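This report concerns only the one structure given below.
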There are 2 protein chains.
Amino acid sequence: MNDPKRSGCPINLTLEVVGDKWSLLVIRDIIFGNRRHFRELLTHSEERISSNILADRLKTLLEAGILTRADDPTHKQKGVYSLTEQGIELLPVIAQMAAWGVKYLPVTEELGIRAQLLRDGGPKMWAEMMDELREIHLGIKRRKTGPTVGERLQRAYQEVVARRGRGDARARISD
Amino acid sequence: MNDPKRSGCPINLTLEVVGDKWSLLVIRDIIFGNRRHFRELLTHSEERISSNILADRLKTLLEAGILTRADDPTHKQKGVYSLTEQGIELLPVIAQMAAWGVKYLPVTEELGIRAQLLRDGGPKMWAEMMDELREIHLGIKRRKTGPTVGERLQRAYQEVVARRGRGDARARISD
DNA sequence: GGCAACCAGTTGCAAATCGCAATCGGTCTG
DNA sequence: CAGACCGATTGCGATTTGCAACTGGTTGCC
C-alpha cells in the first residue's frame, strides 16, 4: 500500500510484507487448516483474530500477491481465498519458524507435533507439501500418490489430542 | 514481558518474540554486519532505526534469551551484545526469509547478493556460518579453517558495490 | 585540567496502528 | 418472511511507533 520502502534488503522487504503478528498466522491456517473462507479463518482461529484485522490482513496479502480471492459459486457473498505460488513458497519460512519455536518456546504438545514432524521431514517433506498445496490452490496435479503430508500431520495431531484428551476439555477445541 | 500468550502454537509463539518489523533486522545486522554496540546498530542501520526503538528491541531480545549483554572492557559505558545459541539458530529463519524476498520482492542487487549466495549454499552453508557465529559470540572454536562464509558473503557484496558503484554515490553507504 | 567528541540510552509528544464490540447490508434456509 | 449466516465496516479507547531533543556519564587529546 504505502510504498516508502525502508531499504532494498530482502529481509527488510519480506518483513514489510509479513512482518507482523497476524499475517503469517492467517497463512498458517490456510496451509495447515485448509481454511478458505473469511468465517472459517475468523472463528477457527486459535488466537481469536478480530474481524477488522482479518479483513485488513487479507486485503494486504491480496495486494502483495500472496493470496487470490475468487467468488464461491455456492454462495454469492462467499469468497474463496487461495494461495499463489508466492504464498505457497512461504511454507519453508513458516516451517523454519515453527522448528525454532518448538525448540525454544513453551509450545503445547498437541500444537507442537506438526512442527516436529515437519522439521524431521526436512526440505524434502516441505517440497512434497508444497506440491500438495499447488494441487489444492492452483489446480496443478501432483505426481506422488498415497497419503499426503497434510493428512499425516493432521492425523498425528489428532492422535496427540486423543491420547492427552481423556477428560480434558482443552483438547476438543479444534477439528 | 507481558505474558498473556495468544496460543501455544510454535509459529504464534515465535511471532510473539520476533514478529515485528525491527527485531529481525537488529539480529540481521549483528549476524551479517557484526555490529556489537548500540551505536553501531544505530548509525549503520540501513533502515535508520531510531534510538528508542532500538533500545526497546534490545531489551526484549535480552529478555527472550536471544542476546546477552556484557560490559566492554575498553570503555566503561560501552556494552557488547552477543548472540546466544538460541539467537544463532535464527539464521535459518532469516536465510529462508531472505531467499523468499530475493525471489519475489524488488531487492537491490547489492543487498540481494548475500541472500542469493546463502540460498545457493543451502542448509550446509547455514550450518557452517552458524559455527562461525558460535566462535564469534560464544567462544566455541570451529573446526573448519580457511575463509569464512561471513567473509565470502562480505566480499561478494563489495564486488557488486565496486562493479556497480562507478560514480554512483549510493554504493558507498556501507563499509 | 578542561573541553569536545562519544557512549548508551531516556523523555515528550504527535501520529499511526491495534483490538474489541457493535453493527451493516446482503444472502441463504426453512 | 423470519432467523441464521455471510463478508466485512465503523467507532473508539488503548497501545505502539517514530521523530527529535535531551540526559548523565566516559574518553581522548591538548
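Proteins come first, then strands; the chains are lettered A, B, ... in the order of their sequence lines, and each starts at number 1. This structure is a prediction, so every number in the text was calculated from the model and none was measured.
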- Message: Which residues in residues 22-30 of chain A have a heavy atom closer than 4.0 Å to any atom of DNA chain D?
- Response: none
- Query: Separation of B:L42 atom CG from D:dC22 atom P, in whole Å?
  - Reply: 17 Å
- Query: Want to settle it: does A:R57 or B:L58 sit nearer the 5' end of DNA chain C, counting the closest nucleotide to each?
  - Reply: B:L58
- Query: How many Å lie between CG on A:L15 and C1' on D:dT17, as a whole number?
  - Reply: 16 Å
Report each atom pair, protein N/O against N/O of nucleotides 12-14 of chain C, whose distance is under 3.5 angstrom.
none

- Query: Minimum heavy-atom separation for B:F38 to B:Y81, with atom names?
  - Reply: N-CE1, 4.2 Å
- Base of D:dT17 paired with side chain of B:S50 (donor-acceptor, under 3.5 Å): no
- Would you name the heavy atoms of B:P10 and A:A98 that are closest together and state the gap between them? CB-O, 3.6 Å
- How close or far is atom C1' of C:dA8 from atom CG of B:L41, stated in whole angstroms? 12 Å
- Task: Let me know the distance between CD1 of B:I53 and P of D:dT16, rounded to the nearest Å.
- Result: 12 Å
- Task: Let me see the working for B:R143 and B:E128 under salt bridge (charged side-chain N to carboxylate O under 4.0 Å, His left out), right down to the final yes or no.
- Result: CA-CA 10 Å; B:R143 289 243 188 76; B:E128 196 181 329; over 6 Å; no
- Task: Output yes when A:E85 and B:K103 qualify as a salt bridge under the 4.0 Å nitrogen-oxygen rule, no when they do not.
- Result: no
- Message: On a heavy-atom basis, which atom in B:L138 and which in B:L83 lie closest, and how many Å separate them?
- Response: CD2-O, 3.4 Å
- Query: Nearest-Å distance, NE2 (A:H37) to P (D:dC5)?
  - Reply: 15 Å
- Query: Does the side chain of A:E16 pick up a donor-acceptor pair with the side chain of A:N12 at under 3.5 Å?
  - Reply: yes
- Rounded to the Å, how far apart are A:H44 NE2 and D:dG7 P? 12 Å
- Task: Under 4.0 Å from any atom of DNA chain C, heavy atoms only: list the residues of residues 71-80 of chain A that qualify, in numerical order.
- Result: A:H75, A:K76, A:Q77
- Please state how far atom CZ in A:R35 lies from atom P in D:dG7, giving the value in whole angstrom units. 14 Å
- Are B:E109 and B:R163 ion-paired here, with the side-chain N under 4.0 Å from a carboxylate O? yes
- Can you tell me how far CZ of A:R114 sits from CG of A:L153, rounded to the nearest 0.5 angstrom? 7.0 Å
- Tell me, please, whether B:W22 has A:R6 positioned over its six-membered ring: NZ or CZ under 6.0 Å from the ring centre and within 45 degrees of its axis? yes
- Could you point out which residue of A:R48, A:E47, A:E46 forms a side chain to side chain donor-acceptor pair (under 3.5 Å) with B:S7? A:E47
- Item | Which atom of A:S82 lies closest to which atom of A:H137, heavy atoms considered | CA-ND1, 3.4 Å
- Query: Given that B:K21 and A:F38 both sit by DNA chain D, which one's nearest nucleotide is further toward the 5' end?
  - Reply: A:F38
- Task: Before accepting this row, confirm whether a basic side-chain N of the pair B:R57/B:D20 lies closer than 4.0 Å to the acidic partner's carboxylate O.
- Result: yes
- Does C:dC18 have OP1 or OP2 sitting under 4.0 Å from an N or O in the side chain of A:R48? no
- Could you tell me the separation between the CG atom of A:D20 and the C1' atom of C:dG19, rounded to a whole number of Å? 13 Å
- Query: Which of these nucleotides, D:dT9, D:dG7, C:dA8, is closest to any side-chain atom of A:R69?
  - Reply: D:dG7
